[in-house]
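Only one structure is covered here, and it is reproduced in the block below.
Throughout, a chain's letter reflects where its sequence line sits, starting with A, and its residues are numbered from 1.
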Amino acid sequence: MLDLKFIRENPEAVRRAIQVKGVALDLDELLQLDREVVALRQRVEALQTERNANAKLVPRAAPDERPALIQKGKDLGKELGALEPELRAAEERLRGLLLRVPNLPHPSVPVGQDDSENVELRREGQLPQFAFAPLDHVELLERQGWSDPERVARVSGSRSYLLRGDAVLLEMAVLMFAMDFLRGRGLEPLSTTALVRPETLVGSGHFPGGEDQVYKVEGDDLMLAGTAEVPINSLYAGEQLSHEQLPLAFAGLSAAFRSEAGSAGRDVRGLIRVHEFRKVEQYVLCEASEEEGLKWFDRLLDNAEALLRALELPYRVVQNCTGDMGAGKVLMYDLETWVPSEEKYRETHSCSYLGDWQARRTGLRYRDEHGKLVYAHTLNNTGIATPRILVPLLENHQQADGTIRVPAALRPYLGGREVLGVPVREVAAV
RNA sequence: GGGGGGUUGGCCGAGUGGUUGAAGGCAACGGUCUUGAAAACCGUAGUGGGGCAACCCACCGGGGGUUCGAAUCCCUCACCCCUCGCCA
């Protein structure tokens, strides 16, 4: 959400953001409605002033003057009773529009329609050179007896997954490693539920607009968040923090649920796109300056890159264009990790700087050093998301015999083991 | 799931229908005093909105109602605490 005053004073900048981000919103409708709300409010307030003044006269009036004053109060009340709902409805409509106003993209963001116009910034790491035909992760898992796609589909439907045996240890190792690693870089570990109230999703910016991506819980007014960003963003909702409390930086572990409505047929095989997964999310609440925000952006990005390097995975850094970055974002980079079987980089991390757009929705304020109450800035980036990360991890580190080499960084979490799995393939004599 | 008690300003905490936007305390800020600091004393001070301004409006967990007038009365929802039962 942007400051209404800012929108009034900078309509052209906002109009441009709406346009380059491809948001369906009529700014003139919003501005018109805003003027109507102001006018209505002034009428209501004038009536309220009169009513309040009148009510104060009653107890001091002589008994014979009271009936007239009370009658006047009744009349004013009636008039107000008619006007107030009108004002409330107009305000609600205005807020509805306001929630859809996108944040202004940073000047460095390339203008584009969709992900095809994202810009690759750099590539890191060496692509693996296999002296054999590499297997894809589905094949590897099945041969090792680490998955059971048929059965789990019977239990949980499509886009579900199941791991068994050492693959479970690997998944836990990856999560533990990410938590430890981020803690070492100054983030506070946090474990949270995915079950959240609907207003938290408005706060994060997923609503309005993303309703069909979210699972709702029958019988309770609760939903299942697709990322710990949602509950963490709302943790301090409505509070007035002191600037000494900032920054707040978390490594948040949670389950994540996504309905994946609209992606039918995409990535139906394997572990890339599932309805329920686990994720360590980096989330930061910092002071309200772009300098501070961008500093954290670099830090969160570097954390994620360092994690991928430690896992010995090749990846590239992509800057998302205006059309692919989401309404609330000022700046967004994706990390895409190499998936040998697809001969492609696939998104495993997403780093975002939101300015005060989220905090304004959530009511996340702090007193700055001058005692002024301001909205904080927020950022988020993936730490590690599993099972998706297992796809490049298994595929890049597979060996000729179908076993998996364990990157050194993970070995402490796997009892020192350097290899997982048993030989499941003939190794061709060279 | 049953019963009881709560939710007031940054924090603690008064306040059961009429100058209460809200006593008091703490914290904060400005000043006096002091070589400096502390203490003491004086003063300022909630959030949001409208207006050039004087000033006005809203907000005492959320929503609704009663009333000329509600922090105060009623309904409802959420959350917190205690307690009984159940349970990983």
Side-chain angles (χ1 to χ4, degrees), chain A residues 1-9 30-99 101 191-203 207 216-217 219-223 230-231 234-246 248 255 285 287-288 356 359-376:
Chain A
M1 195 155 70
L2 293 180
D3 185 1
L4 185 53
K5 268 187 191 155
F6 176 86
I7 298 173
R8 282 177 195 148
E9 287 161 14
L30 187 154
L31 292 170
Q32 175 58 31
L33 186 55
D34 174 44
R35 286 190 289 270
E36 284 170 28
V37 166
V38 169
L40 250 177
R41 186 178 292 136
Q42 286 172 346
R43 282 175 62 198
V44 167
E45 286 188 4
L47 282 172
Q48 285 171 330
T49 307
E50 211 179 337
R51 179 202 56 191
N52 292 350
N54 183 258
K56 277 183 187 166
L57 294 178
V58 174
R60 286 182 292 169
D64 60 312
E65 290 170 338
R66 285 190 186 184
L69 290 171
I70 288 174
Q71 186 53 47
K72 190 180 171 198
K74 278 188 184 180
D75 293 345
L76 286 166
K78 218 168 166 185
E79 221 177 317
L80 268 171
L83 215 51
E84 275 174 337
E86 202 181 318
L87 173 61
R88 217 173 39 236
E91 281 174 334
E92 232 165 88
R93 266 188 297 141
L94 180 61
R95 177 165 169 86
L97 292 179
L98 221 41
L99 285 175
V101 176
S191 172
T192 178
T193 63
L195 207 55
V196 293
R197 308 187 143 191
E199 60 265 29
T200 63
L201 287 146
V202 175
F207 290 0
K216 292 150 193 68
V217 173
D220 278 297
D221 196 19
L222 292 169
M223 301 186 174
V230 176
S234 279
L235 251 194
Y236 294 88
E239 295 194 28
Q240 299 180 15
L241 305 173
S242 71
H243 68 274
E244 289 94 349
Q245 287 174 270
L246 299 180
L248 287 164
L285 258 155
E287 288 191 22
D356 67 5
R360 202 175 279 283
R361 293 170 161 250
T362 316
L364 261 172
R365 296 180 298 175
Y366 71 94
R367 261 178 219 289
D368 68 14
E369 52 275 31
H370 311 296
K372 217 181 134 205
L373 213 46
V374 291
Y375 290 99

Nucleotide rA28(B), atom C1' - distance to CD of E369(A) in whole Å:
15 Å

Identified pairing partner of rA78(B), criterion: Watson-Crick or G-U wobble below 3.5 Å
rU7(B)

Looking at V58(A), is its backbone amide N or carbonyl O close enough to the side chain of R66(A) to form a donor-acceptor pair, meaning the two atoms are under 3.5 Å apart?
yes

Using atom C1' of each nucleotide, how far apart are rG61(B) and rU47(B) to the nearest Å?
16 Å

Find the distance K56(A):NZ to rG18(B):P and express it as a whole number of Å.
13 Å

Please answer whether the main-chain N or O of S242(A) pairs with a side-chain N or O of Q245(A) as donor and acceptor at a distance below 3.5 Å.
yes

Between rC79(B), rG51(B), rC57(B), spot the one nearest the side chain of Q42(A), thanks.
rG51(B)

If the cut-off is 4.0 Å, is R365(A) near the phosphate of rU47(B), judged by side-chain N/O to OP1 or OP2?
no

Rounded interatomic separation in angstrom, taking CG from L80(A) and C1' from rA58(B)
12 Å

Heavy-atom side-chain contact between L248(A) and L241(A) under 4.5 Å
yes

Report the residue (L373(A) or E50(A)) whose heavy-atom-nearest nucleotide on RNA chain B is the more 5′ of the two.
L373(A)

How long is the line joining OH of Y366(A) and P of rG46(B), in whole Å?
21 Å

rG69(B) phosphate, OP1 or OP2: any side-chain N/O from R66(A) under 4.0 angstrom?
no

With respect to the side chain of R197(A), which nucleotide from rC57(B), rA78(B), rU47(B) is positioned closest?
rA78(B)

When you check the gap from the basic side-chain N to the acidic O, do R51(A) and E79(A) get nearer than 4.0 Å?
no

Rounded to whole angstrom, note down the C1' distance from rA45(B) over to rG21(B).
13 Å

Describe the nucleic acid contact of R43(A) in one word from base, sugar-phosphate, nothing, applying a heavy-atom distance below 4.0 Å.
nothing

Under a 3.5 Å cut-off for both contacts, is rU20(B) paired Watson-Crick or G-U wobble with anything, and if yes, with which nucleotide?
none

Can you tell me how far P of rA45(B) sits from CD of Q240(A), to the nearest Å?
18 Å

Spacing between R35(A) atom CZ and rG51(B) atom C1', to the nearest angstrom
18 Å

Side chain of N52(A), heavy atoms from C-beta onward: which of rC56(B), rA58(B), rU47(B) has the nearest atom to it?
rA58(B)

Among the nucleotides rC68(B), rG50(B), rG10(B), whichever has the atom closest to the side chain of K5(A) is rG50(B)

Measuring to OP1 and OP2 of rA58(B), would you say a side-chain N or O of R51(A) lies under 4.0 angstrom away?
yes

For rA23(B) versus rC55(B), give the span between their C1' atoms, rounded off to a whole number of Å.
26 Å

Of the listed nucleotides rC57(B), rG64(B), rG69(B), the one nearest the side chain of T49(A):
rC57(B)

Quick one: are F207(A) and M223(A) in side-chain contact, heavy atoms under 4.5 Å?
yes

Determine the Euclidean distance between corresponding P atoms of rA39(B) and rC26(B); express it in Å to zero decimal places.
11 Å

Check the distance between rA78(B)'s C1' and E199(A)'s CD and give it to me in whole angstrom.
9 Å

Taking atom C1' in both rG51(B) and rU66(B), compute the distance separating them and give it to the nearest angstrom.
34 Å

Using purine N1 to pyrimidine N3 plus N6-O4 or O6-N4 for Watson-Crick, or N1-O2 and O6-N3 for G-U wobble, both under 3.5 Å, which nucleotide pairs with rC59(B)?
rG46(B)

Any heavy-atom pair between the side chains of D356(A) and V374(A) that's under 4.5 Å?
no

Inter-nucleotide C1' distance (rG69(B), rC84(B)), Å rounded:
44 Å

Do the side-chain N or O atoms of R8(A) get closer than 4.0 angstrom to the phosphate oxygens (OP1, OP2) of rG50(B)?
yes

What's the CD-C1' distance between E91(A) and rG48(B), to the nearest Å?
12 Å

Any K74(A) side-chain N or O less than 4.0 Å from OP1/OP2 of rC68(B):
yes

Interatomic distance at C1', rA71(B) relative to rG62(B), whole Å
15 Å

Under-4.0 Å side-chain N/O to phosphate OP1/OP2 contact, R367(A) with rU47(B)
yes

List the atom of V202(A), the atom of R361(A), and the distance in Å for their closest heavy-atom pair.
O-NH1, 2.6 Å

Toward the 5' end of RNA chain B, which comes first, P59(A) or Q48(A), by nearest nucleotide?
P59(A)

Rounded P spacing from rG15(B) to rA54(B) in Å:
36 Å

